[in-house]
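Residue numbers start from 1 in every chain, and the chains themselves are labelled A, B, ... in the order their sequence lines are given, proteins ahead of strands. Basis for what follows: all heavy atoms, side chains included, without hydrogens, waters or symmetry-related copies.
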Protein chains: 2
Amino acid sequence: MGAKRLAGRQRGVTLADVALLAQVSEITVSRILRNHGPIGADTRERVMAAVRETGYVPNRLAGGLASSGSKLVGVIVPSLTNIVFPEVLGGIRSALEGTGFQAVIAVSDYDLDTEQELIASLLAWKPEAMVIAGLDHTDMARAMLVGSGVRIAEVMEIDSQPIDLAVGLSHRQAGFDTGQYLLGRGYRRFGYVGHDWTSDHRARLRHDGLVAALGEAKVELVETCRFEGPSSIGAGRDMLAQILARRRDLDVVVFSNDDMATGGVFHCLGAGIKPKQDLALFGFNGLDVGQALPTPLSTVRSNRFLIGKTAIEKLLGQRERPETREIIDTGYEIITGATA
Amino acid sequence: MGAKRLAGRQRGVTLADVALLAQVSEITVSRILRNHGPIGADTRERVMAAVRETGYVPNRLAGGLASSGSKLVGVIVPSLTNIVFPEVLGGIRSALEGTGFQAVIAVSDYDLDTEQELIASLLAWKPEAMVIAGLDHTDMARAMLVGSGVRIAEVMEIDSQPIDLAVGLSHRQAGFDTGQYLLGRGYRRFGYVGHDWTSDHRARLRHDGLVAALGEAKVELVETCRFEGPSSIGAGRDMLAQILARRRDLDVVVFSNDDMATGGVFHCLGAGIKPKQDLALFGFNGLDVGQALPTPLSTVRSNRFLIGKTAIEKLLGQRERPETREIIDTGYEIITGATA
DNA sequence: CCGCCAAATGACAGCGCTAACATAAACGCC
DNA sequence: GGCGTTTATGTTAGCGCTGTCATTTGGCGG
């Protein structure tokens, strides 16, 4: 009659239920489930049977609260539809595998205020570490991160100072090397096709690096075309059409990334322009789509998977926020391809 | 001396700290932060100031435990690199916006055992609802889901019976309609290029639907080529080359999806085959990449964003697991394109 | 056969929060 | 002006688990 808990499943199976069935105390069950401390073989057997019988699922909220350790890693990326971020997540997943940690992914939509809200929201889950794409945050966001004491990795770029740890590549340098590579190939009449860089700040860094390299050789970007929106294949196609309508004498067009550049190749294919021969095209990222083109895209390969993997390995390898900043350069390489 | 908690930040700011500073009880702070119950204007002011001053971040683990409601939605998708799933997640995010719910995303890698583990792991967070791609699960997984009492939506396909709610489209029907469409256009010598369907079970459904439609018209699939691995543009390109090497007389090739079909178009472009004129190509999904091609892909548009959005809206609209199953057909449409 | 140690188990408090029930003022209303 | 009623706040008792101490048992050397 005085049942402490209504019959059956209403409130869910708890440790207490399992302990009762297995004739041991709750803490013993808890220890067995976490492989913690010495346990008699028969007891373990009995408890595991009870777990199976009851279909017990531990409550991580309670566990995390009691042990003040959630086994969560917060991740904030600006987008999931831009394939580079899922690839970073792939690296994160691979490094998390078998560690008992679980990633919580949030998407900021390239908006720093949204990012700030997400940081607050994720910190509320008491993650043990946090990975955030980019080095650029609101002051408030930075303060919350520092104040939380959580280990932070900022990934993708290493062009400015991180809070603790940055893992990625120098986009400015990548842009610069792109310029040098193309100059070395003899191109002199440069066009640039980009997308909205108020949101994609790294695209701007690459652009600036490119301009710097050209400047050193006294070469100018003769025409620039920027799409006011996120990068996409369609935008790349349209923008190339547009820039070519303005200047017919370009010998190379550098795109803000591979999506845009792939669109550029599509425009060429449709308009009967032979890539490289008539007009050289250059991208950034080394995406599959670009490499599968009839004329594989000349581009820069960024190691997205490695970035995610490295960030997590580094974070889980330390128990506290580190004293000193660290910057890990995962590098990049120019893919020669067939378009430049 | 007898400080209950070490000075400063060591253990983090709690409700108690804020309450103390604002000269109110903890519950008042809690209520204010959740907009719950009537609050005096001056009290609210005072408390909010204290929150700001202390930099208080609520502990959701504790909150969820106390209220047995985590404000989490678990999501399991087979992949993030296949762009259709990020698009579903986009719909989920959009529906979750402003509800205070947070999605926890897990990736099963097209493996049902992994999926089962993920389900266990996500249920441990006591989510209020769960979205899972696909209707196919291990018995154990299904049992856990049912036993948990959590509201479940199974998304993408509606070709068999869901646990509670299915949101998606009939892939078999889509395949069937593809067949009818192509027959109606006069094609008779069909080839099929696919990818590994032990993992991508929906691709197989579309294939079966296609074969059924052809069967009704006494037309046969004269050649089939399947890549033993996940779909990709590169695989599509290679497989089309392969199937054409075997049969030169095909007049249409149906691909398992747009990635594969895009690869097919690339092969054609490289080999001087004119899409539609020399060989018709047909995909599935209606991805941007296919539509941006010089010859926009003829394909079937699946409404990924809508699927995610609908699933969440439906789940959050109910407070309990429903008594009756429901199937929501988000439909699809054939895009005529320029390749078939 | 005693004392001592390690192995195995348990009791208890408390993590930080919130539901549910008080309580205490302030406000009409006839 | 007594009574119900709102509006604002507080008290109490957990949510389900785990850290920190006991406590119990058996083994074993002397």
Side-chain angles (χ1 to χ4, degrees), chain A residues 4-6 9-47 50-51 54-72 100 123-126 128 148, chain B residues 4-6 9-47 50-51 54-72 100 123-126 128 148:
Chain A
K4 194 165 180 191
R5 111 174 334 117
L6 317 184
R9 267 318 72 73
Q10 209 46 18
R11 286 251 131 258
V13 184
T14 71
L15 257 198
D17 299 326
V18 178
L20 202 68
L21 183 60
Q23 313 254 53
V24 293
S25 69
E26 302 185 24
I27 189 68
T28 302
V29 179
S30 170
R31 281 201 271 252
I32 290 173
L33 261 25
R34 285 177 299 144
N35 288 323
H36 202 296
I39 297 291
D42 50 338
T43 313
R44 162 169 279 123
E45 202 80 2
R46 206 145 29 85
V47 168
V51 167
T54 54
Y56 171 67
V57 175
N59 183 333
R60 292 257 218 162
L61 297 174
L65 179 59
S67 64
S68 40
S70 65
K71 288 283 191 178
L72 284 177
L123 285 178
W125 291 102
K126 302 286 155 184
E128 269 161 57
S148 71
Chain B
K4 196 166 179 192
R5 117 173 330 117
L6 318 184
R9 268 317 72 74
Q10 207 48 16
R11 284 250 131 261
V13 184
T14 69
L15 256 198
D17 299 325
V18 178
L20 202 68
L21 184 61
Q23 313 255 53
V24 293
S25 69
E26 303 184 24
I27 188 69
T28 302
V29 180
S30 171
R31 282 200 270 250
I32 289 173
L33 261 27
R34 286 175 300 142
N35 288 323
H36 201 295
I39 298 291
D42 50 337
T43 314
R44 162 169 278 123
E45 203 80 1
R46 204 144 31 83
V47 167
V51 166
T54 54
Y56 171 68
V57 175
N59 183 334
R60 292 257 220 162
L61 296 174
L65 180 58
S67 63
S68 40
S70 63
K71 289 282 191 176
L72 284 177
L123 284 178
W125 291 103
K126 304 285 156 185
E128 268 160 58
S148 72

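In this structure, NZ of A:K71 is placed 16 Å from C1' of D:dC17, rounded to the nearest angstrom. Rounding to whole angstrom units, CG of residue A:L20 and P of D:dC17 are separated by 14 Å. Atom CG in A:L123 sits about 16 Å away from atom P in C:dG16, given to the nearest Å. The NZ atom of A:K126 sits 19 Å away from the P atom of D:dT18 (whole-angstrom rounding). Rounded to whole Å, atom P of C:dT18 lies 10 Å from atom NE2 of B:H36. Atom CH2 of A:W125 is separated from atom P of C:dC15 by 20 Å (rounded to the nearest Å).
Screening residues 32-45 of chain A for side-chain hydrogen bond (donor to acceptor under 3.5 Å, both in side chains) gives A:S30-A:R34 as the qualifying pairs, with residues at least two apart or on separate chains.
Panel note: side chain B:R46, backbone B:A22; a donor-acceptor pair is recorded below 3.5 Å.
Atom OG of B:S70 and atom CG of B:L65 lie 11.0 Å apart (nearest 0.5 Å). Within the model, atoms OG of A:S68 and NZ of A:K126 stand 9.5 Å from one another, a figure rounded to the nearest 0.5 Å. We find the CZ-CG distance between B:R60 and B:L72 to be 7.0 Å, quoted to the nearest 0.5 Å. Distance check, rounded to the nearest 0.5 Å: OG1 of A:T14 to CG of A:L20 gives 9.0 Å.
Shown here for A:G100 and A:K71, the closest heavy-atom pair between the two residues is O-CB, 3.8 Å. Taking both residues in full, the closest heavy atoms of A:L33 and A:Y56 are given as CD2-CE2, 3.5 Å, listed atom of the first, atom of the second, then distance.
Under the side-chain hydrogen bond (donor to acceptor under 3.5 Å, both in side chains) criterion, A:S25 pairs with A:T28, sequence neighbours left out. Under the side-chain contact (heavy atoms from CB on, under 4.5 Å) criterion, A:A66 pairs with no residue, sequence neighbours left out.
Taking a 4.0 Å limit (strictly below) on heavy-atom distances, residues 58-65 of chain A reaches DNA chain C at A:L65.
Among the candidates A:V18, A:I32, A:V29, the single residue satisfying the side chain to side chain contact (heavy atoms under 4.5 Å, CB included) test with A:V24 is A:V29.
One end of the helix from C:dC1-D:dG30 to C:dC30-D:dG1 points its axis 30° away from the other end's axis, with each axis taken from 5 pairs and the angle rounded to 10°.
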List every contact pair, protein side and nucleotides 7-10 of chain D side both N or O, where the distance is under 3.5 Å.
residue, atom, partner, partner atom, Å
D:dT9, OP1, B:T43, OG1, 2.5
D:dT9, OP2, B:G40, N, 2.8
D:dT9, OP2, B:T43, OG1, 3.1
D:dG10, OP2, B:S25, N, 2.9
D:dG10, OP2, B:S25, OG, 2.9
D:dG10, OP2, B:T28, OG1, 2.8
D:dG10, N7, B:R31, NH2, 2.9
D:dG10, O6, B:R31, NH1, 3.4
D:dG10, O6, B:R31, NH2, 3.4

